[in-house]
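Written below as structure tokens is the structure these notes are about.
Lettering of chains follows the sequences in order, A, B, ..., and the numbering in each one begins at 1.
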Amino acid sequence: MSTFDVAVIGAGIVGSAIARELAGYELSVALLEARDDVGDDTSKANTAILHTGFDAKPGTLESRLVREGYHLLYGYADRTGIPVERTGALLVAWTTEELDALPGLKEKAELNGYDRTEIVGAEEVYRLAPHLGEGALGGLTVPDESIVCTWTTNLALATEAVLRGVTLLLNHRVLSVEKPVEEHETATILRTSEGDVTARWVVNAAGLGADVVDRLFGHDRFTVTPRRGELLVYDKLARPLANRIILPVPSSRGKGVLVSPTVYGNVLLGPTAEDLIDRTDTGTSEQGLEFLLEKGHRIMPELLEEEVTAAYAGLRAATDHQDYLIEADAERRYVLVGGIRSTGLTAGMAIARHVTDLAGKAGLPLVPRDDLPEPPRMPNLGEAFLRPYQDAERIAADPAYGKVVCFCERVTEGEIRDALHSPIPPAGLEGLRRRTRAMNGRCQGFFCGAEIANLLEADR
Amino acid sequence: MSETVTTLTPAVVVVGAGPSGLSAARELAPRVGEVLVLDRESTAGGIPRHSDHPGYGVRDMGRFMDGPSYARRLVRQAREAGATIRTNATVTGWAGERAIEVTTPQGRLLVEAGAVVLATGARERPRPARLIPGDRPRGVYTTGHLQNLVHLKHGKVGERAVVVGAELVSWSAALTLREAGCRTVLMTTEYPRPDSYALFSGPGKVLFGTKVATRTRVSRIIGRPCLRAVEIEDLDTGHRRIVECDTLILTGDWIPDHELARTAGIAIDPGTRGPLVDSALRTDRPGVFAVGNLLHPVDTADVAAIDGAHVARSVTAWLDGGSWPVGEGVRLLAGEPFVWVAPEILRPGDPVPARRRLLLWGERYIRLPHVVLRQGGRVVARRRVWWPVAPGRVFRVPTDMLSTVDPLGGPVTISAEP
Ligand SMILES: Cc1cc2nc3c(=O)[nH]c(=O)nc-3n(C[C@H](O)[C@H](O)[C@H](O)COP(=O)(O)OP(=O)(O)OC[C@H]3O[C@@H](n4cnc5c(N)ncnc54)[C@H](O)[C@@H]3O)c2cc1C
Ligand SMILES: Cc1cc2nc3c(=O)[nH]c(=O)nc-3n(C[C@H](O)[C@H](O)[C@H](O)COP(=O)(O)OP(=O)(O)OC[C@H]3O[C@@H](n4cnc5c(N)ncnc54)[C@H](O)[C@@H]3O)c2cc1C
């Protein structure tokens with residue numbers, strides 16, 4: 001294989017955004033991913049909130065990149081059809097201490113460049129969120145906090161990267177690194193589970209594995225602690241209960257348990273925050289689920305009467321640092337993008353710009369391309385926008401969009417066919433679920449599981 | 001709405017072509033004019049289509065037949081009676097009191113009917129709804145998923161299965177597993193006695209060599225990416241142990257497919273979680289009726305089918321210019337050990353319930369129970385019956401027991417005592 005100008009390790013949201021950004025310049029780029037699909041690790045299992053950054057730590061890199069990323073992703077969503085809804089958030093104070101903390105949070109938001117929060121009394125809290133449990137004392141509104149589809153975001157970024165000419169190398173786990181031995185040699189060899197990949201520059205966006213890869217480059221600057229967040233997804237019939245994001249007052253342990261609508265029309269309850277050792281343990285736990293039910297009971301008791309459609313867990317790449325850890329090493333032609341814990345979905349596109357900037361300053365030649373293709377138009381998975389099963393014109397033109405195969409989520413044969421023939425087709429059922437929502441609904445396959453497995457099989 | 005939407009105006013639209021919907025259509029078609037049955041599946045027949053074992057048709061057809069034959073026979077009867085059945089037709093929502101929106105490969109439909117019969121059935125709760133923690137491996141199914149896979153798509157499952165549940169449907173799952181070459185190594189039930197399923201646990205043991213662990217729940221799922229084992233817990237001692245398996249079937253634990261009823265804003269019974277109906281199977285929305293397992297999750301197919309036949313009379317009366325009753329009537333409530341009763345409302349002048357039976361769901365085994373009816377704090381009827389209350393099975397109460405109920409005396413609570 002020829003030598004790439006840049007190899008990006010990790011095809012989560014961050015790595016995909018970086019590869020896409022770099023491909024906007026006259027550079028040959030490889031995107032290496034250990035798994036068989038893009039966006040199969042933390043980027044698939046989060047709370048999917050597009051943060052304004054109102055509660056970030058002022059002055060940090062994270063604060064700046066979240067704020068910038070918010071606007072970048074909003075614009076990008078508009079161009080590519082990623083579903084986003086500006087539901088707004090309501091931060092609820094349940095104790096007098098929490099109530100006393102609200103003015104501080106408002107000031108902090110302003111330090112973070114966000115000045116649209118407002119402190120409201122209990123009456124207004126219940127007007128905004130009538131199904132809230134008893135005992136709320138007041139709140140803070142964050143009108144621009146939004147919900148987004150994390151799967152489509154990751155896929156759109158990776159797809160556009162591929163359309164721009166990036167070589168996507170799935171199933172390529174980086175195992176070791178061979179640094180240039182002689183002075184005149186300029187390329188790094190990445191030894192992967194599927195052979196060697198050579199590149200002049202390497203960007204490490206390996207998420208939970210970023211510290212391990214960093215050590216392969218001879219550094220020893222941080223350790224990733226997987227911090228598990230478990231979540232419950234409630235049935236769509238619960239959606240009228242939660243018309244905006246309900247946030248707790250943050251504590252030192254993190255952002256706490258929230259209730260949020262999803263763009264698919266469900267309601268989320270979570271996440272927990274628990275430090276683990278195993279970086280692959282995305283199972284759910286008895287204590288975690290119990291804890292969520294207890295919290296949910298307080299925040300919105302009616303929610304617990306509804307059925308749970310899914311339970312899952314994501315792992316935040318927590319580190320011993322307070323901020324993102326993004327550093328370029330000009331000598332080794334290497335950029336670390338580490339510790340993107342709980343805001344990477346929002347910040348991803350801004351991180352990509354920042355990384356490109358750093359690499360440019362460290363010597364990566366950046367010549368903008370003038371022949372870029374149009375961004376992809378992604379299939380719509382959002383309930384707030386027209387879905388194929390509702391689109392009479394589209395069904396008239398192609399009956400496959402009128403053949404519903406997943407009844408609960410109303411996914412049509414046409415959408416499944418499109419996903420199977422897209423630039424980055426799914427490797428299996430899980431990937432198909434993220435691209436279409438098939439089998440993500442309340443029956444979890446009781447009716448459609450066998451049919452969908454068949455469609456997938458028939459395509460092989 | 002765009003011109004690519006086709007509008008249909010049948011006398012009656014039936015949503016769901018399972019035993020209840022097809023039976024309703026069969027009875028209605030000769031009486032009321034155009035009857036349109038819609039089903040989202042590509043073949044009509046409902047759950048019996050993939051329930052490939054005998055046990056169907058006893059009460060409604062007077063025969064003992066297998067599920068697929070039963071389904072085909074119901075479809076033929078409805079067609080012969082003059083009903084139109086459209087498959088691949090998913091009802092997605094409401095466009096008016098009795099108007100529904102439908103997606104089909106032939107286009108979007110708007111169906112404006114004189115009456116709507118909801119016959120959307122019930123499904124088993126999947127793993128997330130049961131809140132079973134652990135890994136999220138492949139190899140975990142509901143019975144519906146399993147039977148679709150094995151009977152309709154001829155797919156493969158594993159070699160060692162644990163079946164959660166020991167009710168009728170659980171044995172149906174075990175039969176399917178056997179056919180697919182998968183051994184059922186253990187069945188679990190949270191209930192205390194397997195002999196409440198005397199009919200099945202005897203032959204079951206002989207047939208499958210399967211053990212039933214009573215008072216047991218699955219406390220954790222283990223294996224990535226494929227199922228390796230489950231952890232089970234003895235509910236009395238709290239003792240836990242690991243059972244190796246590559247297939248887990250979650251059976252029973254039914255929930256009605258009530259989405260259309262709920263999005264219509266139709267009143268829902270907290271016990272069944274299906275629409276609240278009277279003995280004429282009317283919901284609280286004029287011209288909208290409900291039948292089958294949507295109302296009683298779940299009874300056997302023949303009972304669902306008999307609902308269908310029963311509703312035909314009420315639908316006909318409504319189309320003939322009948323009025324829609326307002327006001328509660330006598331509300332029936334489930335008392336110990338029952339969790340639901342159906343139908344839920346009695347009114348003077350309404351037809352007696354289908355088969356002259358009230359249906360109830362019990363959570364505790366009582367061998368020879370006394371059925372007790374209380375109204376206004378007073379016992380108004382008490383009778384010994386010769387069939388048990390058994391978890392996982394519908395308990396039937398003859399409606400002649402209701403003769404002493406005061407139509408103006410408020411709610412009646414039905415319970416059972418040893
Ligand atoms: C519970 C939870 C809730 C969250 N909520 C939000 C939210 O509401 N809003 C928000 O903006 N953010 C949220 N986040 C954070 C967000 O999900 C992450 O910051 C983001 O997904 C990180 O993306 P990433 O690309 O860095 O990592 P990942 O998505 O984990 O991608 C890293 C990739 O690198 C690959 N990789 C690892 N090692 C190697 C190797 N050696 N060779 C090749 N490939 C390798 C992995 O397979 C993986 O695909 C949340 C996170 C969690 C866990
Ligand atoms: C594994 C198993 C084994 C069983 N074994 C037996 C047995 O041996 N004997 C017996 O008598 N009973 C048995 N039963 C029970 C029997 O299958 C049910 O009682 C019967 O199918 C109920 O009929 P129904 O008409 O109420 O609902 P269903 O048969 O569930 O039919 C409902 C129909 O509605 C359709 N539908 C739902 N929503 C929509 C929508 N929005 N748009 C269009 N269509 C829609 C569905 O596709 C479905 O076809 C078994 C059930 C199971 C799961």
With respect to chain B, which residue among A:N454, A:T282, A:L237, A:V404 yields the maximal number of heavy-atom pairs within a distance under 4.5 Å?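 Of A:N454, A:T282, A:L237, A:V404, A:L237 has the most heavy-atom pairs under 4.5 Å with chain B.
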When only pairs under 4.5 Å are counted, which of A:Q444, A:E305, A:R410 shares the most heavy-atom pairs with chain B? A:R410
Could you look at [X] and say if it's the side chain, the backbone, both or neither that has a heavy atom under 4.5 Å from chain A?
X: B:R138; answer: neither
X: B:R130; answer: neither
X: B:I221; answer: neither
X: B:R123; answer: both
X: B:I47; answer: side chain
X: B:R220; answer: neither
X: B:H50; answer: neither
X: B:E41; answer: both

Contact origin within [X] toward chain B - heavy atom pairs under 4.5 Å:
X: A:R442; result: both
X: A:T412; result: neither
X: A:L289; result: side chain
X: A:L429; result: neither
X: A:E230; result: neither
X: A:D281; result: both
X: A:Y234; result: neither

Please say whether the positively charged group of A:R239, taken as NZ for Lys or CZ for Arg, lies over the ring of A:Y264, i.e. under 6.0 angstrom from the six-membered ring centre and within 45 degrees of the axis. no
Given side-chain hydrogen bond (donor to acceptor under 3.5 Å, both in side chains), test B:T6 with B:Q106 step by step and report yes or no. CA-CA 10 Å; B:T6 308; B:Q106 292 76 39; over 6 Å; no
Can you name the closest pair of heavy atoms from [X] and [Y] and give their distance?
X: A:N154; Y: A:S43; answer: OD1-CB, 3.2 Å
X: A:L208; Y: A:A317; answer: CD2-CA, 3.8 Å
X: B:V243; Y: B:I232; answer: CG2-CD1, 3.8 Å

dist A:L381:CG -> A:E415:CD (nearest 0.5 Å) comes out at 7.5 Å
Distance alone, cut at 3.5 Å: any donor-acceptor contact between the side chains of B:S172 and B:Q147?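 Yes, a side-chain donor-acceptor pair sits under 3.5 Å.
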Would you kindly say whether B:S170 and B:T251 are connected by a side-chain donor-acceptor distance under 3.5 Å? yes
Above 12 or not: heavy atoms from other molecules or residues under 6.0 Å from CZ of B:R240?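 Yes, enclosed.
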Looking at A:E194, I want to see if its CD is surrounded by more than 12 non-hydrogen atoms of other residues, nucleotides or ligands under 6.0 Å. yes
Scan B:V5, B:V91, B:T92 and name whichever one has a side-chain contact (heavy atoms from CB on, under 4.5 Å) with B:E101.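 Testing each of B:V5, B:V91, B:T92 against B:E101, the sole residue satisfying side-chain contact (heavy atoms from CB on, under 4.5 Å) is B:T92.
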